[in-house]
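Report on one structure; see the data block that follows.
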Amino acid sequence: MDLSRLNPEQRDAVTAPRGPLLVLAGAGSGKTRVIIHRIGWLLAQGASADSILAVTFTNKAAAEMKGRLLRLAGPVAAQVWVSTFHALGAEVARHDLFRLGWPKRFAVADAGDQLALVRRLSRSLSVDGRALDARRVVAAISRAKNAGVVPEPSPEGQGDDYDVIAREVLPLYQRALRAQGAVDFDDLILLPLQLFNAYPQVLARWRRRFSTLLVDEFQDTNRPQFDFVRLLAGKRRDVCAVGDDDQCIYSWRGAEVRNILDFHRSFPGTQEVVLGRNYRSVAPVLAAAGAVISVIPNRRPKLLSAERPHGLPVQVVVLPSEEDEAAWVALGVEKRLGEGVAPEEVAVLYRTNGQSRPFEESFRARSLPFEVVGGSEFFQQRDVKDVVAYLKVLANPSDEVSLLRIVNVPARGIGDATMERLLQHAQSQGLTVQASLDVAGAVEGLAPGAAMRVHSFSQLVARMRERLRREPMGQVARSLLSEIGFAEETRAGAKDAGVAQARMRSVEGVLASLEAYQSREGPKADLISWLNRLSLDARQEEESPERGRVALMTLHAAKGLEFKVVFLVGLEEGFLPHSGMQGQPPNLDEERRLAYVGFTRARDELILTRAATRMRRGREVPRTPSRFLLDLPGVGVETLDLTAAAPTPPGPAQPTVFARLKEQFRSSGGAERGSA
DNA sequence: TGCAATATCATTTTT
DNA sequence: TGATATTGCA
């Protein structure tokens with residue numbers, strides 16, 4: 001193991017004796033590098049590769065870590081288990097969840113499934129006469145579940161209305177999930193915890209399996225995840241936790257910074273290493289980031305030293321409108337690419353997924369290669385959701401949420417009234433909804449015509465399920481779609497041919513992914529495992545990480561990554577800091593940390609942009625600059641205001657705006673500035 | 001019952 | 001602005 005390229009602190013962390021170890025690593029201080037090298041060092045010390053477990057939060061981080069590990073330590077590293085918390089939980093559940101009453105092959109409910117289920121369960125409930133916001137109920141349910149393994153009765157009147165409602169809905173929700181043989185994302189951690197607590201032999205087995213744990217981004221663990229780690233570590237307590245309290249950006253998901261700040265209290269005798277040298281960003285970028293984060297009270301003060309003292313100043317650019325912002329960024333990107341910067345070294349970061357649209361359009365207009373990372377937009381598309389729901393119904397007869405979604409898609413004369421009857425019947429007879437469909441003929445009060453249509457639908461499902469036993473699942477899926485006339489339906493429903501084509505392409509993407517999975521996994525591939533993969537890793541369509549493309553993504557998605565040039569856009573009040581949800585006060589400290597994470601992604605160049613006005617609900621609304629801009633230092637920051645010189649003419653966006661901007665971009669020097 | 005036209009209404013972040 | 005709930009008509 002070559003440790004010569006590590007600095008003394010990094011080397012301390014890498015070679016620390018086994019046992020509890022906390023690495024507090026400032027942004028860009030070589031955090032991942034330390035984890036990788038520590039694994040390499042452990043292997044060199046004779047640890048067996050398959051006894052090492054490295055846990056991360058995102059699949060992307062896991063894949064990245066695995067790749068770097070293989071490069072450092074060679075093929076033996078393939079045996080090291082690198083996984084996300086949720087994938088690990090799913091693995092534990094796969095073996096033993098039947099002990100808690102779930103079927104051997106359980107399904108994972110995704111956000112859409114949760115939403116649909118909660119909508120159904122809480123239809124009759126209301127707050128102040130207003131219908132419930134199902135998304136807030138889901139959020140509150142998740143909050144309640146993650147508050148602790150044992151739900152603690154909390155004093156009445158505490159928390160907002162939705163927390164109270166969640167307590168009411170939670171038992172129904174949980175029962176419904178179990179009845180459908182499904183778990184949600186939170187359960188992937190909570191249920192394994194329950195297993196560990198209730199079945200010592202299960203815990204013992206996993207403890208035997210892994211003797212060493214390494215956890216990245218520890219500041220983002222929530223209480224159940226922390227308990228999971230602690231239980232798994234057992235008496236050996238061989239846990240290496242790596243993280244940075246300044247980068248805690250998931251407190252809305254229950255992340256407890258205390259898990260990292262009080263680590264030594266849970267693991268007495270912890271050795272602590274602080275990594276404070278930043279090798280990533282040039283000094284002006286680091287100074288700006290430091291200025292934004294240092295305002296937060298009660299943080300553990302850190303000195304991040306800049307190891308790259310020289311560099312371009314941070315640029316702040318004000319544009320007249322959001323189109324102009326997008327056009328200007330596209331031009332800036334084009335310019336860098338022209339200078340030889342690789343596309344994958346450039347990123348456009350924003351606070352919310354919804355902000356990506358104008359940039360996608362301006363990039364397309366300039367023919368720039370880009371990729372919208374995450375976004376999950378693909379699986380939000382109606383047709384994609386429909387197709388996936390069909391497959392879920394085939395895979396899991398008790399999946400009522402999906403069944404209700406597709407029973408009348410495309411319209412086949414099974415309307416609300418019919419379904420209402422069938423649901424009632426199922427309820428009163430103690431049948432599953434699926435079963436009540438199968439016996440539609442015998443259901444009281446159902447029109448004969450309706451019963452016949454229902455019958456032919458359940459025949460269709462039964463037939464497809466039967467074929468699934470013998471034929472490749474991709475083939476069955478295709479003939480299912482052709483049988484229900486999906487293509488024709490889509491063509492007829494779309495406004496124009498282009499839209500229809502795009503929608504068909506999406507569906508084709510699902511089928512292609514299914515078939516790819518099948519040929520990769522061979523005979524053991526089945527629908528349920530494909531569907532679980534789908535929910536655990538929504539980005540699995542592309543096998544190879546997109547090279548040669550500019551990344552467009554949220555600040556959250558950018559955590560842990562770095563780029564030569566970063567455009568952080570929309571630095572306006574309401575976006576960054578974000579204006580919270582419906583009157584709920586935003587967590588300003590967290591928004592600040594989010595900005596900090598964004599700033600520190602940049603190695604050479606950081607460009608902050610904002611628009612003076614933005615189309616909001618169809619109206620043009622003036623925008624206030626982000627308060628974070630006020631905290632920027634006077635030195636090493638350069639402001640470029642393009643609003644006064646380029647007033648946006650009224651009416652629809654005009655090509656002249658763009659042309660004028662382009663001209664200005666050239667004459668103002670754009671990015672051609674001397675070093676600071 | 002189904003579907004089209006009309007009213008309403010919200011707007012984070014992710015596994 | 002664009003997506004979804006609701007109404008009203010066939």
Side-chain angles (χ1 to χ4, degrees), chain A residues 55-62 83-90 108-111 114-115 119 123 130-131 133-136 138-139 142 146 183-190 217 220-222 224-225 248-255 322 349-355 357-358 373-376 379-382 408-421 446-447 449-450 453 492-493 532-540 553-559 570 574-584 586-587 590-591 593-595 597-598 614-621:
Chain A
V55 184
T56 64
F57 275 83
T58 66
N59 297 297
K60 196 182 216 173
S83 164
T84 65
F85 268 108
H86 294 268
L88 178 65
V108 179
D110 63 26
Q114 284 180 288
L115 207 58
R119 259 197 257 267
R123 191 159 295 165
R130 295 170 62 86
D133 181 342
R135 280 175 316 165
R136 291 181 71 180
V138 171
S142 173
N146 284 316
V183 303
D184 65 18
F185 282 115
D186 297 323
D187 289 336
L188 286 175
I189 310 296
L190 294 173
E217 308 284 11
D220 285 324
T221 54
N222 62 22
Q225 286 162 337
C248 174
I249 55 175
Y250 283 103
S251 61
W252 51 276
R253 224 175 58 189
E322 55 190 334
L349 307 183
Y350 35 76
R351 173 71 235 268
T352 68
N353 281 307
Q355 289 168 263
R357 192 58 47 87
V373 177
S376 70
F379 290 97
Q380 308 270 17
Q381 288 175 42
R382 182 198 287 264
N408 201 30
V409 176
R412 51 170 73 86
I414 304 175
D416 295 342
T418 305
M419 283 317 292
E420 202 54 51
R421 279 269 145 63
L446 205 60
R453 292 191 288 269
N532 284 344
R533 241 184 104 88
L534 214 58
S535 22
L536 282 175
D537 183 5
R539 280 188 309 282
Q540 53 95 57
M553 63 184 130
T554 64
L555 290 167
H556 283 89
K559 195 179 64 160
F575 273 147
L576 193 64
H578 195 268
S579 51
M581 222 170 105
Q582 291 191 3
Q584 298 302 115
N587 182 342
E590 179 137 325
E591 296 298 316
R593 289 193 292 268
L594 215 34
V597 167
R614 221 169 259 278
M615 295 302 278
R616 221 55 184 162
R617 275 194 258 163
R619 293 249 154 272
E620 188 172 86
V621 178

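Below, chain A is the first sequence line, B the second, and so on; all start at residue 1.
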Is there a side-chain polar atom (N or O) of [X] under 4.0 Å from OP1 or OP2 of [N]?
{"X": "A:Asn353", "N": "B:dT13", "answer": "yes"}
{"X": "A:Asn587", "N": "B:dT13", "answer": "no"}
{"X": "A:Thr554", "N": "B:dT12", "answer": "no"}

To the nearest 0.5 Å, what is the distance between CG (A:Asp184) and CG (A:Asp110)?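 A:Asp184 CG to A:Asp110 CG: 10.5 Å, rounded to 0.5 Å.
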Would a 4.5 Å heavy-atom cut-off, applied to side chains only, mark A:Glu322 and A:Met615 as touching?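 Heavy-atom side-chain distance check passes, below 4.5 Å.
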In whole Å, I'd like the distance from the [atom1] atom of [X] to the [atom2] atom of [N].
{"X": "A:Lys559", "N": "B:dT12", "atom1": "NZ", "atom2": "C1'", "value": "15 Å"}
{"X": "A:Ile189", "N": "B:dT14", "atom1": "CD1", "atom2": "P", "value": "17 Å"}
{"X": "A:Asn222", "N": "B:dT13", "atom1": "CG", "atom2": "C1'", "value": "15 Å"}
{"X": "A:His556", "N": "B:dT13", "atom1": "NE2", "atom2": "P", "value": "9 Å"}
{"X": "A:Arg593", "N": "B:dT13", "atom1": "CZ", "atom2": "C1'", "value": "13 Å"}
{"X": "A:Leu188", "N": "B:dT14", "atom1": "CG", "atom2": "P", "value": "18 Å"}
{"X": "A:Glu217", "N": "B:dT13", "atom1": "CD", "atom2": "C1'", "value": "15 Å"}
{"X": "A:Phe85", "N": "B:dT14", "atom1": "CZ", "atom2": "P", "value": "18 Å"}

List for me each residue that meets side chain to side chain contact (heavy atoms under 4.5 Å, CB included) alongside A:Gln225, sequence neighbours excluded, and say none if there are none.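 Side chain to side chain contact (heavy atoms under 4.5 Å, CB included) check on A:Gln225 returns A:Phe57, A:Phe85, A:His86, A:Ile189, A:Thr221, A:Asn222.
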Each nucleotide N or O in nucleotides 1-9 of chain C that has a protein N or O under 3.5 Å away: list the pair and distance.
from	atom 1	to	atom 2	distance (Å)
C:dT1	O4'	A:Gly618	N	3.4

Using atom types as modelled and distance alone, determine if a side-chain donor or acceptor of A:Asp220 lies under 3.5 Å from a backbone N or O of A:Ala255.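 No, A:Asp220 side chain to A:Ala255 backbone: no donor-acceptor pair under 3.5 Å.
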Would you kindly say whether A:Thr554 and A:Asn353 are connected by a side-chain donor-acceptor distance under 3.5 Å?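 Side-chain D/A pair, A:Thr554 to A:Asn353: absent.
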Does A:Ala557 or A:Arg412 map to a spot on DNA chain B nearer the 5' end, using the closest nucleotide for each?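 Counting from the 5' end, the first nearest nucleotide belongs to A:Arg412.
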Donor-acceptor pair present, A:Arg253 side chain and B:dT15 base, under 3.5 Å: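 By the distance-only test, no, there is no pair.
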Using centres under 5.5 Å plus planes under 30 degrees as the test, is A:Trp252 stacked with B:dT13?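 So yes, this residue stacks on that base, both cut-offs being met.
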Could you tell me whether [X] contacts a base, only the sugar-phosphate backbone, or nothing, with contacts defined as non-hydrogen atoms closer than 4.0 Å?
{"X": "A:Phe575", "answer": "nothing"}
{"X": "A:Leu594", "answer": "nothing"}
{"X": "A:Phe57", "answer": "sugar-phosphate"}

Which one, B:dG2, B:dT12, B:dT15, comes nearest to the side chain of A:Asn408?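 When the side chain of A:Asn408 is considered, B:dG2 is the closest of B:dG2, B:dT12, B:dT15.
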Between A:Ser251 and A:Asn587, which heavy-atom pair has the shortest distance, and what is it?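 Here A:Ser251 and A:Asn587 meet closest at OG-ND2, 3.6 Å.
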Residues in ring pair (Phe, Tyr, Trp, His ring centres under 6.0 Å) with A:Phe575, at least two apart?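 With neighbours one apart ignored, the set is empty.
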Does atom CZ of A:Arg421 have more than 12 heavy-atom neighbours, drawn from other residues, nucleotides or ligands, at distances under 6.0 Å?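 Incorrect, the count does not exceed 12.
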